[in-house]
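Written below as structure tokens is the structure these notes are about.
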Amino acid sequence: QVQLVESGGGLVQAGGSLRLSCAASGLTFSMYTMGWFRQTPGKEREFVAAISRSGGSTAYADSVKGRFTISRDNARNTWFLQMISLKPEDTAVYYCAATRSWGGSSYYTSGIDYNTWGQGTQVTVSS
């Protein structure tokens, strides 16, 4: 059974940092591409970042470029999202998502391309 578990969310002041983790089990980690998404009440889920199987290709939403960094640790079956210079508008539930990928450099920025999701972790940035 494929499972993704996020952790690392919390309450932080504006300008602060957090690192989210997404631990995967039940899958061949190196064969999966992964993305982070976020959602706030009343709004649609929003793409944040994605990383290819190889880790060599990444993509970011314009709103987080230069502040967020996505990475993966194949030895630990874990993806990460390092967030710095956090803003109140970054407040949301953050979800990791994964899908089997056939291209080493492929990544996906749409939620419909992912078939496995974590339960989400709350990030709250106070002003």
Side-chain angles (χ1 to χ4, degrees):
Q1 179 181 356
V2 178
Q3 189 174 18
L4 304 179
V5 179
E6 301 100 333
S7 61
L11 173 64
V12 64
Q13 288 188 330
S17 302
L18 283 174
R19 188 175 80 156
L20 304 184
S21 299
C22 176
S25 60
L27 53 78
T28 304
F29 187 81
S30 61
M31 301 301 288
Y32 277 70
T33 188
M34 181 270 183
W36 286 98
F37 294 79
R38 65 188 183 187
Q39 190 168 24
T40 54
K43 291 188 176 182
E44 292 189 357
R45 183 176 55 201
E46 175 187 27
F47 167 75
V48 176
I51 188 167
S52 64
R53 278 173 43 190
S54 67
S57 298
T58 58
Y60 297 92
D62 287 342
S63 59
V64 306
K65 277 181 183 176
R67 300 187 299 120
F68 290 12
T69 302
I70 190 171
S71 62
R72 61 188 297 149
D73 185 338
N74 285 0
R76 295 168 59 184
N77 280 18
T78 303
W79 293 281
F80 302 97
L81 185 68
Q82 179 69 50
M83 307 184 292
I84 66 171
S85 302
L86 283 162
K87 305 175 181 180
E89 51 263 44
D90 294 318
T91 295
V93 177
Y94 283 71
Y95 299 90
C96 64
T99 193
R100 181 75 160 79
S101 174
W102 302 102
S105 60
S106 299
Y107 56 78
Y108 309 105
T109 61
S110 174
I112 61 174
D113 291 315
Y114 293 89
N115 54 24
T116 302
W117 293 80
Q119 82 288 352
T121 185
Q122 176 70 46
V123 171
T124 303
V125 184
S126 63
S127 56

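When hydrophobic clusters are built by joining Ile, Leu, Val, Met, Phe, Trp and Tyr residues whose side-chain heavy atoms come closer than 4.5 Å, directly or via intermediates, Y95 is not grouped with I70. Linking Ile, Leu, Val, Met, Phe, Trp and Tyr whenever their side-chain heavy atoms come within less than 4.5 Å leaves V5 and V2 in two separate clusters. Hydrophobic clustering, with ILVMFWY side chains joined whenever heavy atoms are under 4.5 angstrom apart, keeps Y107 apart from F37. Cluster membership check: V123 shares its hydrophobic cluster with W36, using side-chain heavy-atom separations under 4.5 Å among Ile, Leu, Val, Met, Phe, Trp and Tyr.
Looking at every heavy atom in both residues, T33 comes nearest to I51 through OG1-O, 2.6 Å. Nearest heavy-atom pair, F29 versus D73, reported as atom, atom and distance to 0.1 Å: CE2-O, 3.8 Å. Scanning both residues, Q119 and L4, for their nearest heavy atoms gives OE1-O, 3.6 Å. Contact detail for P88 and S127: the closest heavy-atom pair is CG-CB, 3.8 Å. The two atoms that bring T109 and A59 nearest to each other are CG2-CB, 4.2 Å, heavy atoms only. Contact between A98 and N115 at its shortest, heavy atoms only, is O-OD1, 3.2 Å.
Separating the CZ atom in F80 from the CG atom in L20 is a distance of 10.5 Å, to the nearest 0.5 Å. Rounded to the nearest 0.5 angstrom, T40 OG1 and E89 CD are separated by 11.5 Å. Once rounded to the nearest 0.5 Å, the distance linking CG of L86 with OG1 of T124 reads 10.5 Å. Here S105 contributes atom OG and R53 contributes atom CZ; the two are 9.5 Å apart, rounded to the nearest 0.5 Å. Between the OG atom of S54 and the CG atom of N74 there is a distance of 9.5 Å, given to the nearest 0.5 Å. Y60 OH to L81 CG: the interatomic distance, rounded to the nearest 0.5 Å, is 7.5 Å.
In this structure, the side chain of T121 does not engage the main chain of E6 through any donor-acceptor pair within 3.5 Å. The closest donor-acceptor contact from the side chain of R72 to the backbone of W79 lies at 3.5 Å or more, if one exists at all. Side-chain atoms of T116 do not come within 3.5 Å of backbone N or O of A97 as any donor-acceptor pair.
For R67, the salt bridge (Lys or Arg N to Asp or Glu O under 4.0 Å) partners at least two apart in sequence or on another chain are D90.
T91 is listed as a side-chain neighbour of Q122, based on a closest heavy-atom distance under 4.5 Å. Considering only heavy atoms from C-beta on, Q82 stays 4.5 Å or farther from S71 through its side chain.
The aromatic rings of Y108 and Y114 lie perpendicular to each other, with more than 60° between the two planes, well past the 30° mark. Between Y94 and F68, the ring planes are tilted. Angles from 30° to 60° get that label.
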Just list the side-chain donor-acceptor pairs under 3.5 Å for residues 41-49, sequence neighbours left out, or say none.
unit_1 : atom_1 : unit_2 : atom_2 : d
E46    : OE1    : R38    : NE     : 2.8

